[in-house]
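Heads up, the thing below is written out as structure tokens.
Quick note: numbers below take in every heavy atom, side chains included, and nothing from hydrogens, waters or symmetry partners. Remember, it's 1-based here, ligands and their atoms both numbered in the order they're listed.
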Amino acid sequence: MSCLFCKIIEGESPSTAVYQDELVYAFADINPKAPVHVLIVPREHIGSLSEADTGVAKRALLGHLLCVAAKIAREKGLANGYRVVVNTGPDAGQSVDHLHLHLLGGRGLSWPPG
Ligand code: 5GP
Ligand code: ZN
């Protein structure tokens with residue numbers, strides 16, 4: 001298995017778990033860009049958001065990823081706001097080819113992003 005996030009999900013690479021269920025694993029980003037920076041990934045290897053379609057399975061999984069982001073944000077006390085980011089492809093700077101949501105919060109976040 002060559003995918004870093006698959007290794008993290010399988011426990012072959014260490015991580016700090018924040019949330020997990022049968023579909024999703026969430027863990028602290030190793031290089032946090034905000035006081036709260038959590039990565040939320042599907043256990044299933046999906047390379048990027050580009051692979052998403054509107055089939056029922058993906059619809060349910062991708063919706064669940066967002067709901068997990070909201071749940072973690074509540075648990076982390078991000079009542080003042082937060083941002084969920086899905087970098088997709090080279091122009092967006094995606095550096096790990098396993099679909100992931102960034103949950104960022106705990107400070108003001110400028111807009112637009114770079
Ligand atoms: P991307 O640039 O693909 O949107 O986001 C990848 C994220 O994965 C980056 O924020 C980076 O800090 C994080 N990351 C890379 N390698 C590791 C690792 O080994 N462990 C953890 N926890 N995060 C990682
Ligand atoms: Zn993977």
For A28 and ligand 1, answer yes if some heavy atom of the residue is under 4.0 Å from a ligand atom, otherwise no.
yes
Checking the N or O distance criterion of under 3.5 Å, is ligand 1 in contact with [X]?
X	answer
V96	yes
L4	no
H37	no
H100	yes
G93	yes

How close do L103 and A69 get, counting heavy atoms only, and between which atoms?
CD2-O, 3.8 Å
What do we get for [X] next to ligand 1 when only non-hydrogen atoms under 4.0 Å count, side chain, backbone, both or neither?
X	value
V85	neither
I8	side chain
S95	both

Distance check, rounded to the nearest 0.5 Å: Q20 atom CD versus R43 atom CZ?
5.5 Å
Residue H98 atom name (nearest to the Zn ion (ligand 2); N/O/S)
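Minimum-distance N/O/S atom of H98 relative to the Zn ion (ligand 2) is ND1.
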To make sure I understand the geometry: which N, O or S atom in H45 is closest to the Zn ion (ligand 2)?
ND1
Could you work out, for atom 14 (N) of ligand 1, the closest of L101, T16, I30, N31 by heavy-atom distance?
I30
Which of the numbered atoms in ligand 1 are below 4.0 angstrom from a heavy atom of [X]?
X	result
F5	8 (O)
N87	4 (O)
F27	21 (C), 22 (N)
Q94	3 (O)

